[in-house]
Amino acid sequence: MIRGVWGRALKHLDSDLYEKVFVGVVPGGHNLPRYIMRPAPPDPDTAPALDWILFNVQQSHEKPLWRGWDIASGMGLGSIREPFGIRRRVFLAPDNVPPSWNSWNLAEVDWPLKGDPCITPAILRFEVPLRLIRQRRLVATPGFSDIVLAALRRISALAGLGRSDQYRDLVRAVRAEAAKIDANAWTGERCNLVRWSAAQQREVELFGITGSIPLPHGPGFLWPLLAAAQWSHIGKGTVFGMGEIRILPYSIAN
């Protein structure tokens, strides 16, 4: 509901900015929204709260995007249009240090665990449903290669690489590196959702998965890609299936 009312407010305020950020139309007719909206980590001092992350948005757009939130709060949520207020804004940054205008590069993200990130055992956990689609079908048991290639695909698209030679070179390099990593098999379960689509005027069934992949010897030189994916997510969709990745100590898996 929050995502929907913010989108409606932004479209009313600035339709061009709405198309760029909320819809995310890119060459070729594909949609790649340039934002992520997700529940914030539980904190009794700030709850309820959410993380709102923007990708490749100009500084000049920051003010109208925030104005969209002001309008949305007055429009309200649900069938009774219950107004809400934003009590506080807290900048998000990988080192918790506010940047110049709340903008930073994904390359600045550190590995979240102690020790050498290349060899530190870890577990990749997806507690929020993940949707990876191959040949129009859900990948029900993804491997480590599926995870890192999905992360690369999403980050490269956000960076505007498209299907360039540079992107294809990156895919070959990442696939070759992923084949060297000792990764345990995926363990998890299906997680499906039926939701009403206002655009299609019908109920739509969405299929996802939750689970984890242990890395008993670490992620090798692919750790920066996985660290960045904590912010970009790796899945398909904006309401369900974005696949927020959590990198946890390997001992939790045992």
Side-chain angles (χ1 to χ4, degrees), residues 36-53 55 90-97 104-132 138-155 158 174-175 177-193 207-237 240-254:
I36 281 177
M37 198 178 295
R38 67 188 187 188
D43 185 334
D45 294 330
T46 59
L50 59 82
D51 290 342
W52 179 49
I53 305 167
F55 299 95
V90 180
F91 285 156
L92 297 173
D95 54 5
N96 294 318
V97 177
W104 45 271
N105 195 296
L106 283 175
E108 301 174 40
V109 181
D110 291 329
W111 187 245
L113 306 180
K114 295 180 180 180
D116 185 336
C118 290
I119 60 176
T120 300
I123 178 171
L124 309 179
R125 179 170 294 176
F126 296 86
E127 298 172 353
V128 176
L130 167 67
R131 276 169 58 81
L132 297 181
L138 178 73
V139 179
T141 55
F144 179 69
S145 180
D146 295 313
I147 298 299
V148 292
L149 287 173
L152 176 66
R153 183 163 53 248
R154 177 162 175 79
I155 293 173
L158 289 168
V174 167
R175 183 178 283 118
E177 188 64 27
K180 303 175 185 177
I181 303 302
D182 180 17
N184 293 357
W186 168 274
T187 57
E189 58 187 8
R190 297 287 290 264
C191 183
N192 302 333
L193 171 74
F207 303 98
I209 54 174
T210 57
S212 60
I213 292 182
L215 305 176
H217 304 293
F221 294 110
L222 294 175
W223 73 262
L225 182 59
L226 293 170
Q230 296 174 104
W231 294 88
S232 67
H233 296 204
I234 71 168
K236 179 178 177 58
F240 175 91
M242 280 300 298
E244 179 181 358
I245 182 173
R246 296 187 63 201
I247 300 171
L248 303 173
Y250 182 76
S251 58
I252 293 179
N254 299 306

Can you check whether [Y]'s main-chain N or O pairs, donor with acceptor, with [X]'s side chain at less than 3.5 Å?
X	Y	answer
Trp104	Leu92	yes
Arg38	Glu244	no
Glu177	Val174	no
Arg131	Phe207	yes

Are side-chain heavy atoms of [X] and [Y] found at a separation under 4.5 Å?
X	Y	value
Phe55	Ile36	yes
Gln230	Ile247	yes
Ile209	Pro142	yes
Cys191	Leu130	no
Ile123	Asn184	no
Leu149	Arg175	yes
Val109	Pro224	no

What heavy-atom pair brings [X] and [Y] nearest, and what distance separates the two atoms?
X	Y	value
Ile245	Ala229	CG2-O, 3.3 Å
Ile181	Pro219	CD1-O, 3.5 Å
Val148	Leu225	O-CD2, 3.4 Å
Cys118	Trp223	SG-CD1, 3.8 Å
Ala150	Ile234	CB-O, 3.8 Å
Trp111	Ala122	CZ2-CB, 3.9 Å

Nearest 0.5 Å please: distance from the [atom1] atom of [X] over to the [atom2] atom of [Y].
X	Y	atom1	atom2	answer
Leu248	Leu124	CG	CG	8.5 Å
Ile53	Met37	CD1	CE	10.5 Å
Trp231	Leu106	CH2	CG	9.0 Å
Ile147	Leu152	CD1	CG	13.0 Å

Under the side chain to side chain contact (heavy atoms under 4.5 Å, CB included) criterion, do Glu127 and Thr210 qualify, and how do the steps go?
CA-CA 6 Å; Glu127 298 172 353; Thr210 57; over 6 Å; no
Applying side chain to side chain contact (heavy atoms under 4.5 Å, CB included), run through Asp146 and Trp186 and close with a yes or a no.
CA-CA 11 Å; Asp146 295 313; Trp186 168 274; over 6 Å; no
